[in-house]
Amino acid sequence: MAIQSIVDEQETEYQKGVKQLYEKGIKKLPRKYILPSHERPTKDFATKNGGIKQNIQLPVIDFAELQGPNRAQVLKSLANACENYGFFQVVNHNIGDGVISDMIDVGTRFFGLPFEERSKYMSANMKAPVRYGTSFNQNKDNVFCWRDFLKLMCQPLPDVLPHWPSSPQDFRKSAATYAKDTKHLFVMLMEAILESLSPAPETAAFPTADGEVVDEMEKELMEGGSQLMVVNCYPPCPEPDLTLGMPPHSDYGFLTLLLQDDVAGLQIQHNDKWVTVDPIPNAFVVNVGDHLEIFSNGRYKSVLHRVLTNQSRNRISVASLHSLPFEYTVRPWPKLISEQNPQRYRDTDFATFLQYISSCEPKRKNFLESRKIC
Ligand code: OGA
Ligand code: NI
């Protein structure tokens, strides 16, 4: 009885998140966060990389150049990045340094608020416009990961904005500006990606007339699409070798635009190794999500990634996930399908995805695997 109540008390404590634990000054990682040895981050390094930390220089896309006379060349680099890395970094993207630093700053201050203030936004409802929580899938994870998060639905902005945190008092303003700017960047990048995928280079990505069904998918993606923003907080961790900030996963949407502060932590799987993405100040790390892998019929790859923790520095990242409107079905782009290139993925809607993630641990690429046509 007494033991059970201690266990319950601890569980309640863990549900409050890792910021709480860090602030208590714990010196050892509680068992709740200790991964089985084969899932620990050091394991890969020890066996595959001989204990040496490997970093990767991701392909860098110069957004200004993409808009200029070298567009064709940049589109080739973009295609190469999406095929062989599933990731790239974007520089010269026109989003002001102030917008970026305000977002990181207001996110950092949000996580600095007393727990009572942050916890107002805790919700078990996956569809809530705002959701504060911890770990990866808080209700399913047996082992918790070392992350707290704030998820913000961004569409339609005027409807969701009043639900966003009212404290810090500049939160809504800074986060809304950031959401609008990243949405715009997503649209521009997606336009380039459609062009890079398009089988006939002379075909514009947006044929205006015709009213074909295929164009509707393009149009929805650009104008009506869904956007979810996730502010991640990874406090210093007493034993970073035993846990992860986020387990290996792929992102569900078309593209994720990730902003990381100057603390490294993101790793991607490349040539069967885990490699660290070094932060470039003010750049976005962009990755292909499951929906784009499906849409490209497997040409562009949704790649597994995870987050390492560290002992000394707090890390903040902001992920902006973009896809079709939630009620839409994602399928391979009909333009790409032919006898030589048959459809490789089943049509997928968001409801199927939500059902999937609430029924099992969404680790690794299980969802995407489940949509493949063998
Ligand atoms: C994510 C993600 C990486 C990071 O939010 O999906 O992969 O560095 N984040 O926080
Ligand atoms: Ni991710």
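Predicted model, so just to flag it, every value in this text is computed and none were measured. Numbering of ligands and ligand atoms starts at 1, following listing order.
The His249 neighbourhood of ligand 1 comprises atoms 1 (C), 2 (C), 6 (O), 7 (O), with distances under 4.0 Å to a heavy atom of that residue. Which parts of ligand 1 touch Ala319 is read off a 4.0 Å heavy-atom cut-off, strictly below it: atoms 5 (O). Remark: ligand 1 atoms within the under-4.0 Å shell around heavy atoms of Asn232 are 5 (O), 9 (N), 10 (O). Which parts of ligand 1 touch His305 is read off a 4.0 Å heavy-atom cut-off, strictly below it: atoms 7 (O). Each of the following atoms of ligand 1 lies closer than 4.0 Å to a heavy atom of Tyr234: 4 (C), 10 (O). If you number the atoms of ligand 1 from 1 as listed, the ones under 4.0 Å from a heavy atom of Asp251 come out as 6 (O). Atoms of ligand 1 lying under 4.0 Å from any heavy atom of Val307, numbered from 1 in the order shown and given with element: 3 (C), 4 (C), 8 (O), 10 (O).
Seen from the ring of Phe144, Lys32 counts as a face-on cation partner, given the 6.0 Å and 45° thresholds. Figure legend: cation-pi geometry between Lys173 and Phe171 absent, as NZ or CZ is not positioned both under 6.0 Å from the six-membered ring centre and within 45° of its axis.
Counted within 6.0 Å of OH on Tyr22, heavy atoms from surrounding residues, nucleotides or ligands total 12 or fewer; the atom is thus considered open. Environment of CD in Glu9: sparse, with no more than 12 heavy atoms of neighbouring residues, nucleotides or ligands closer than 6.0 Å.
Formation of a donor-acceptor pair under 3.5 Å by the Ser174 side chain with backbone atoms of Val106 is not found in this model.
Nearest to atom 2 (C) of ligand 1 among the protein's heavy atoms is Met246 CE, 3.6 Å.
By the 30° and 60° cut-offs, the orientation of the rings of Phe111 relative to Tyr132 is tilted. Using a 30° and 60° split on the angle between ring planes, Phe87 and His305 fall in the perpendicular class, above 60°.
Heavy atoms of Gln260 found under 4.0 angstrom from ligand 1: none, in either backbone or side chain. Heavy atoms of Arg315 found under 4.0 angstrom from ligand 1 belong exclusively to the side chain. The residue Leu321 has no part lying near ligand 1, judged by heavy-atom distances below 4.0 Å.
Between Ser317 and ligand 1, at least one N/O pair is under 3.5 Å apart.
Contact between Val230 and ligand 1 is absent, with no heavy atom of the residue lying under 4.0 Å from the ligand.
The atom of Asp251 that is an N, O or S and sits closest to the Ni ion (ligand 2) is OD1.
To the nearest 0.5 Å, the span separating CZ on Arg172 from CG on Leu152 amounts to 10.5 Å.
In the model, Thr134 has a side-chain atom that pairs as donor or acceptor with a side-chain atom of Asp148 under 3.5 Å.
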